[in-house]
Amino acid sequence: MLHLNSLDEGLEIFKALGSEVRVQIINILLEESQISMNQLASRLNLSNGALTGHIKKLEEAGLISTSNDAEKGHGNQKICSILVDKILVEIEKPKDFDNVYSTQVSVGHYSRYDATPTCGLANSKNVIGELDDARYFDHPDRFTADILWLTKGFVEYTIPNLIPAGQQITQISISAELSSEAPGYNNDWPSDISFYINDTYVGTWTSPGDFGDVKGLWTPDWWEPYWNQYGLLKLLVVNQKGTFIDGLKISEVSTDDLKLDSNSTIRFRLAVDEHANHVGGLCIYGKSFGNYEQDIKASLYYKPL
């Protein structure tokens, strides 16, 4: 998902989508996930030269990516892939839009955990320790982890709170690439992933699956093809109106309820609770895995007390 904080921020994207042909390209990529330039040109009845111009505009806007792929006996072909499944545009700016502290927390920098197998961690080079042995969640190398997974339990992160003294937090925005956790992978494997801030339950999102049908754009080559490959980029927002996922309200819990200021420790927990309707696990993807080159991003909006 692509989150735009204002209409001005989305100007280049709106220009890129201001073409019927480019909208058709996006729709085809949403169906196919990946397709070669030759196949795309054939489906659209365009010359390769005409198609290249459209692809360049979509790529510059960050909506798609292209890569070279050597197919059997056919030389190198350029492959097109979709980068976003949703675009969320904030038309109404928060009143304190200019007062924001933003940070990132890597997947392995959790402060607490409770992991039930199947579970594990890995960095860009290798699996950390042994698969399905939760003891390795305490391994010193876990700070290098860019992916972790568990069947049930939780991981909790401390979000740095470095807003100026004497301020109160009016909105928390957290984005992360998430999926369920199935043995191997299973695109149809729902899981209820719950979110907590300072032990207060703020809402649940149901992940539809543990995705492995195509390779993640940033997933390293050594990663086994029958393991999960990518997730969905989700945006959790808690503000004075409630709690939202991708702009849809999921609970009435607000920042007024959380009572956070410049002195507050902010603990963010992602959990698959034992008594959830769908206990389908949790996988968190960092910048070296999945389809989005990012860690867990957090923004704190604030105003004077």
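Computed from a prediction, not measured in an experiment: that's the story for all the values here. Position 1 is the first residue of the sequence, and the numbers go up from there. Just so it is clear, the values below take in all heavy atoms, side chains as well, and ignore hydrogens, waters and symmetry mates.
Comment: D146 does not engage K287 in a salt bridge, judged by the lack of any side-chain N to carboxylate O separation of less than 4.0 angstrom.
Heavy-atom minimum distance, W223 versus A122: CZ3-CB, 3.8 Å. Here the shortest heavy-atom pairing between N239 and F244 reads OD1-CE1, 3.4 Å.
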side-chain contact (heavy atoms from CB on, under 4.5 Å) between N228 and T219, intermediate numbers included: CA-CA 10 Å; N228 44 1; T219 300; over 6 Å; no

Test log, rule side-chain contact (heavy atoms from CB on, under 4.5 Å), inputs I28 and L44: CA-CA 10 Å; I28 291 171; L44 293 169; 3.9 Å; yes

S191/L282 under side-chain contact (heavy atoms from CB on, under 4.5 Å): CA gap, chis, key distance, verdict: CA-CA 7 Å; S191 183; L282 164 67; 5.8 Å; no

Working for side-chain contact (heavy atoms from CB on, under 4.5 Å), residues I128 and N123: CA-CA 7 Å; I128 296 171; N123 55 35; 4.2 Å; yes

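Under the 3.5 Å distance criterion, the side-chain polar atoms of T103 are left unmatched by any main-chain donor or acceptor of A298. Formation of a donor-acceptor pair under 3.5 Å by the N99 side chain with backbone atoms of Y301 is not found in this model. Judged by distance alone, the side chain of E59 and the main-chain N or O of T66 form a donor-acceptor pair under 3.5 Å. A donor-acceptor distance shorter than 3.5 angstrom exists from the side chain of N187 to the backbone of G212, with no hydrogens or angles considered. The backbone N or O of V202 sits less than 3.5 Å from a side-chain atom of S251, completing a donor-acceptor pair. One N or O on the side chain of E177 and one on the backbone of Y292 form a donor-acceptor pair closer than 3.5 Å. In this structure, N198 contributes its side chain and T200 its backbone to no donor-acceptor pair below 3.5 Å.
Residue K56 places its NZ atom among 12 or fewer non-hydrogen atoms of other residues, nucleotides or ligands, all under 6.0 Å distant. Residue D138 qualifies as enclosed at atom CG: its count of foreign heavy atoms under 6.0 Å is above 12. In this structure, E31 places its CD atom where more than 12 heavy-atom neighbours from other residues, nucleotides or ligands lie under 6.0 Å away. Within a 6.0 Å radius of CH2 in W227, other residues, nucleotides and ligands contribute more than 12 heavy atoms.
Between Q24 and H54 the shortest side-chain heavy-atom distance does not fall below 4.5 Å. Side-chain contact between V238 and F195 is absent, with no heavy atoms from C-beta onward closer than 4.5 Å. Counting heavy atoms from C-beta on, the side chains of I25 and C80 never come closer than 4.5 Å. Between V127 and Y136, the closest side-chain pair of non-hydrogen atoms is not below 4.5 Å. You'll find the side chain of T255 stays beyond 4.5 Å of the side chain of Q168, heavy atoms only. L83 has its side chain out of reach of L63: every pair of non-hydrogen atoms, C-beta onward, lies at least 4.5 Å apart. Looking only at side-chain heavy atoms (C-beta outward), I169 and I266 come within less than 4.5 Å of each other. Between Y196 and F154, the closest side-chain pair of non-hydrogen atoms is not below 4.5 Å.
There is a path of hydrophobic side-chain contacts, each under 4.5 Å, that joins L150 to V105. Linking Ile, Leu, Val, Met, Phe, Trp and Tyr whenever their side-chain heavy atoms come within less than 4.5 Å leaves L270 and F143 in two separate clusters. With hydrophobic clusters built from ILVMFWY side chains whose heavy atoms lie under 4.5 angstrom apart, F289 does not share a cluster with I296. V23 and I64 are assigned to two separate hydrophobic clusters, defined by single-linkage of ILVMFWY side chains at heavy-atom distances under 4.5 Å. Cluster annotation: Y110 is not connected to I147 through the hydrophobic network of ILVMFWY side chains, with a link wherever side-chain heavy atoms come within less than 4.5 Å.
Counting only residues at least two apart or in different chains, ring-ring contact (aromatic ring centres under 6.0 Å, His included) contacts with residues 263-288 are absent.
Side chains of S207 and S180: a donor-acceptor N/O pair is present below 3.5 angstrom, by distance only.
Among Q294, K234, K297, the one residue that satisfies the side-chain hydrogen bond (donor to acceptor under 3.5 Å, both in side chains) test with S175 is Q294.
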